[in-house]
There are 2 protein chains.
Amino acid sequence: MNVMNDSPRRKELTRQAAQLFVQEGFDRTTVRMLAQEMGIKSGSLFHHFRDKQEILAAVIEEGTQNALVIAKAALEECDNSAEARLQAMARAHLETLLTDRNAHVVALYEWRRLDPEARDHLSHLRDAYEALWEEVIDAALAEGLIHGDRFLVARFVMGALNWTVRWYDPAGPRSPDDLAHELVAMITHRV
Amino acid sequence: MNVMNDSPRRKELTRQAAQLFVQEGFDRTTVRMLAQEMGIKSGSLFHHFRDKQEILAAVIEEGTQNALVIAKAALEECDNSAEARLQAMARAHLETLLTDRNAHVVALYEWRRLDPEARDHLSHLRDAYEALWEEVIDAALAEGLIHGDRFLVARFVMGALNWTVRWYDPAGPRSPDDLAHELVAMITHRV
DNA sequence: GATTTACACTAGCGCTTGCTTGGTTGACCC
DNA sequence: GGGTCAACCAAGCAAGCGCTAGTGTAAATC
């Protein structure tokens, strides 16, 4: 058994698993279905992952890690104004929804299927991502760009953004940049 | 078999099923677990519901129907200003999250486990609810209370509100009314 | 040339699943 | 006091589940 590495092979299998988890849901996806999608037999699957749970954890870890990297990069590239940073975060968030949609949908819907150890590990990753948001929102509050309760504003914004996976159509007329712009315009009170 | 009625007994069983579906998720909740929670044997369950799917549909229908009734009542009770109506809708939404929390969480997370016929039927109910929101948002746009794209504003607001089931603690210091007030303040641009 | 490693295979164990069947119970009704 | 009916039960079926054991093999490493 070859568990817990991050070979390119395992990454590819993880990506395929994510797709099936979205289509069927974690519980309804059997190891036999996963194996068939991957072009191997069900027994061979356990060479790459300790058990079915670990596949779920791998999918979510991959997506969250990418989101974190992209958000950090976006913040480094933009100017220092609170508005530019808000917009950069929103756009980055929506862009990962495009490139890593499957993983994010899984993270959203199947989070509770993780066993406690995996959940603990992954929630640290997620906290790191949310901390970026809170930092940006704090700056916007301090600048008077937005008003209200720090905690509530952060949750409302993350809610609006996360909800986009339910309706956003990447093939439609609106770009992630359009959406980010519209969201920021909605919550900012310009002077 | 006694399927498709709406006896008080069935309503009570539906309520108990909702609780289990939230705790365990639909797929992991077995008919034996449901029966035990209800104080009957697993076979008896199929006297009240045609199959497991129908229990899920009943849970979601119940919650959505209640939300619709409450929202309509709230709109009738408040004055005609766009701001008052926005706030009434938001408060009503958050209040159903308190009283019917289980059903709404199930609707959110297990919607995709519905078979196509049930999904079709229930999406009409949900559309009726969302239509109320769009009406109120249109009025607010027309009054200049909020700005932006009609479609996007509606989705962002619903996202922020629906997301509250992930973090809102009814036992905490904030009332649904506080939240509704804060949300409306966030998105309105007063003159 | 021998050994190890990575990856795949077949076969199947022990258990759980949603649901069916055939029958019993007790309250109510004319 | 026979008939009706919702509500329930015990038992079990066929199918499917996650996972293990043991084996084969080509490439990499010594």
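- Distance from the side chain of B:H47 is smallest to D:dA7 among C:dC19, D:dA7, D:dG18.
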Quick one: do B:R112 and A:E24 satisfy salt bridge (charged side-chain N to carboxylate O under 4.0 Å, His left out)? Show the steps, please.
CA-CA 9 Å; B:R112 325 186 18 180; A:E24 305 288 331; over 6 Å; no
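- A straight line from CE of B:M33 to C1' of C:dT17 spans 12 Å, rounded to a whole angstrom.
- Interatomic distance, CH2 of B:W111 versus CZ of B:F26, reported as 14.0 Å (0.5 Å rounding).
- Closest to the side chain of A:T30, out of C:dT20, D:dC17, D:dC19, is D:dC17.
- Distances shown here put a side-chain N or O of A:H48 below 4.0 Å from the OP1 or OP2 atom of C:dA8.
- Without hydrogens or angle criteria, A:E95 side chain to A:A67 main chain gives no donor-acceptor distance under 3.5 Å.
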Scoring nucleotides 9-15 of chain C by protein non-hydrogen atoms under 4.0 Å (B base, S sugar-phosphate only, - none) yields BB-B---
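- C:dT17 atom P lies 13 Å from atom CZ of B:F26, rounded to whole Å.
- The aromatic rings of B:Y129 and B:H93 are tilted relative to each other, their planes meeting at an angle between 30° and 60°.
- Put simply, B:R28 has no side-chain N or O that comes within less than 4.0 Å of OP1 or OP2 on D:dC17.
- Per the geometry, CZ belonging to B:F49 stands 11 Å off P belonging to D:dC8, to the nearest Å.
- Across the protein-nucleic acid pair, B:L13 atom CG and D:dC8 atom C1' stand 12 Å apart, rounded to whole Å.
- The B:R9 side chain lies nearest to D:dA7 when the options are D:dA7, C:dC19, D:dC19.
- No donor-acceptor pair closer than 3.5 Å links the side chain of B:E182 to the backbone N or O of A:L152.
- Between the P atom of C:dT16 and the CG atom of B:D27 lies a distance of 18 Å, rounded to the nearest Å.
- In this structure a side-chain-to-backbone donor-acceptor pair under 3.5 Å is missing from B:R10 to B:F49.
- In the hydrophobic clustering of ILVMFWY residues, with side-chain heavy atoms under 4.5 Å counting as a link, B:L161 and B:L108 come out together.
- Atom pair A:F46:CZ and D:dT23:C1' shows a separation of 18 Å (rounding to whole Å applied).
- Distance CZ (B:R113) to P (C:dT17): 17 Å, rounded to an integer number of Å.
- One atom, CE of B:M38, and another, C1' of D:dC9, lie 16 Å apart when rounded to the nearest Å.
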Please evaluate residues A:R9 and A:E12 with respect to the criterion salt bridge (charged side-chain N to carboxylate O under 4.0 Å, His left out), reporting the C-alpha separation (whole Å), side-chain torsions for both, the decisive distance (0.1 Å), and the verdict.
CA-CA 5 Å; A:R9 179 75 175 130; A:E12 170 62 14; over 6 Å; no
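- Not one side-chain nitrogen or oxygen of A:R50 sits closer than 4.0 Å to the OP1 or OP2 atom of D:dC19.
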Go along nucleotides 23-28 of chain C 5' to 3' and tag each nucleotide: B for a protein heavy atom under 4.0 Å from its base, S when only backbone or sugar atoms are that close, - otherwise.
------
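- Atom CD of B:Q19 and atom OG1 of B:T29 lie 11.0 Å apart (nearest 0.5 Å).
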